[in-house]
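Heads up: the structure comes next, in structure tokens.
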Amino acid sequence: MAAAAAAAAVQWLSVCITFSISLIIIIGSSSLVAVVSGNSEGDALYALRRSLSDPDNVLQSWDPTLVNPCTWFHITCNQDNRVTRLDLGNSNLSGHLVPELGKLEHLQYLELYKNNIQGTIPVELGNFKSLISLDLYNNNISGKIPPSLAKLKSLVFLRLNDNRLTGQIPRELVGISSLKVVDVSSNDLCGTIPTSGPFEHIPLNNFENNPRLEGPELLGLASYDTNCS
């Protein structure tokens, strides 16, 4: 009788130990997933930091070892610790933008105006599902305006003026019904100025100082890519 009771006790202890180990593994795995998920936005922002020259050390607080970037200067997060604002306007930064920025899916404001950022606008910026303001004006950005920006269905402010952008104004942008402000003046854009959708109410001086840009469109009588060859 005593032997049977002892065997039962040992078996029960074994079950308890196995359950405890399994629980620890599950909790540990969940924590690891949370850390990895939380760090994905930090990794994206740190990739931007590595691509920029920062003589005034405005990015000094960007520590990639932290669980998330919400304590970094110039970063704003929501209550779920997801990045919603990046405010680095007029910060004496140079370098280029990185495609990893497209991982900031909850970003609402991307403010990088009045720096010396070069290179092109990554097509991945079209991944910002909640973006309200894209301010890249007064930089040294070249290349074309990516048609992928037309996926920014919450966009209100698109300011790309005073850069070195070339090519046409993507006609896909006329589908952004929320768009209120567009400024692409002082670039090297070509073609014609859109007149439909939100562009119907954009003042013409927001397109000036583009020597090869014609406009506005004359009801389809002029090719939208005129002067682009």
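No hydrogens, no waters, no symmetry mates; every other heavy atom, side chains included, goes into these values. Bear in mind the structure is a predicted one, so any value in this text is a computation, not a measurement.
The pair Arg159-Asp135 meets the salt-bridge criterion, with a side-chain N (NZ, NE, NH1 or NH2) lying under 4.0 Å from an Asp/Glu carboxylate O.
The local environment of NZ in Lys129 is sparse, with at most 12 non-hydrogen atoms from other residues, nucleotides or ligands closer than 6.0 Å. By the 6.0 Å contact criterion, NZ on Lys114 is open, its count of non-hydrogen atoms from other residues, nucleotides or ligands being 12 or less. By the 6.0 Å contact criterion, CD on Gln60 is open, its count of non-hydrogen atoms from other residues, nucleotides or ligands being 12 or less.
Between Leu110 and Leu125, some side-chain heavy-atom pair lies under the 4.5 Å cut-off. The shortest distance between side-chain heavy atoms of Leu155 and Leu173 does not fall below 4.5 Å. The side-chain heavy atoms of Ser178 and Lys153, taken from C-beta on, include no pair separated by under 4.5 Å. With contacts defined as side-chain heavy-atom distances shorter than 4.5 Å, the pair Leu158/Asp183 does not qualify. Contact annotation: the side chain of Val67 never approaches that of Asn81 to less than 4.5 Å [non-hydrogen atoms, C-beta and beyond]. In this structure, the side chains of Leu165 and Ile141 come closer than 4.5 Å at one or more pairs of heavy atoms.
Qualifying side-chain contact (heavy atoms from CB on, under 4.5 Å) partners for Asp188, counting only residues two or more places apart in sequence or in other chains: Thr166, Pro211, Arg212. Residues passing the side-chain contact (heavy atoms from CB on, under 4.5 Å) test with Pro64 are Tyr46, sequence neighbours excluded. Residues satisfying the side-chain contact (heavy atoms from CB on, under 4.5 Å) criterion with Thr76, sequence neighbours excluded, are Thr84, Arg85, Asp87.
Residues Thr120 and Pro122 come closest through the heavy atom pair O-CD, 3.4 Å. The minimum heavy-atom distance between Leu149 and Ile176, with the atom names listed, is O-CD1, 3.6 Å. Between Ala44 and Leu104 the shortest heavy-atom distance is CB-CD2, 4.3 Å.
Cluster partners of Val156, using a side-chain heavy-atom cutoff of under 4.5 Å among ILVMFWY residues and allowing indirect links, are Tyr109, Ile132, Phe157, Val181. Other residues sharing a hydrophobic cluster with Tyr137 under the 4.5 Å side-chain heavy-atom criterion for ILVMFWY residues are Tyr113.
At distances below 3.5 Å, at least one donor-acceptor pair connects side-chain atoms of Asn163 with backbone N or O atoms of Asn161. Counting only distance, with no hydrogens or angles, the side chain of Asn92 and the backbone of Pro55 share no donor-acceptor pair below 3.5 Å. Not one N or O on the side chain of Glu172 forms a donor-acceptor pair closer than 3.5 Å with the backbone of Ala150.
Looking at Leu48, Leu45, Asp54 one by one, the single match for side-chain contact (heavy atoms from CB on, under 4.5 Å) with Leu59 turns out to be Asp54. Of the residues listed (Gln168, Glu214, Arg171), the one engaging Thr192 in a side-chain hydrogen bond (donor to acceptor under 3.5 Å, both in side chains) is Arg171, and it is the only one.
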Show me the side-chain donor-acceptor pairs of residues 93-100 shorter than 3.5 Å, one per line, residues at least two apart or across chains.
none

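Separating the CG atom in Asp162 from the CG atom in Asn209 is a distance of 8.0 Å, to the nearest 0.5 Å. From Phe128, atom CZ reaches atom OG of Ser133 across 11.5 Å, with rounding to the nearest 0.5 Å. Separating the CG atom in Asn116 from the CG atom in Asn138 is a distance of 11.0 Å, to the nearest 0.5 Å.
Hydrophobic clustering (side-chain heavy atoms under 4.5 Å, transitive across Ile, Leu, Val, Met, Phe, Trp, Tyr) keeps Phe73 apart from Leu88. Taking hydrophobic clusters as Ile, Leu, Val, Met, Phe, Trp and Tyr residues chained together by side-chain heavy-atom distances below 4.5 Å, Leu101 does not share a cluster with Val123.
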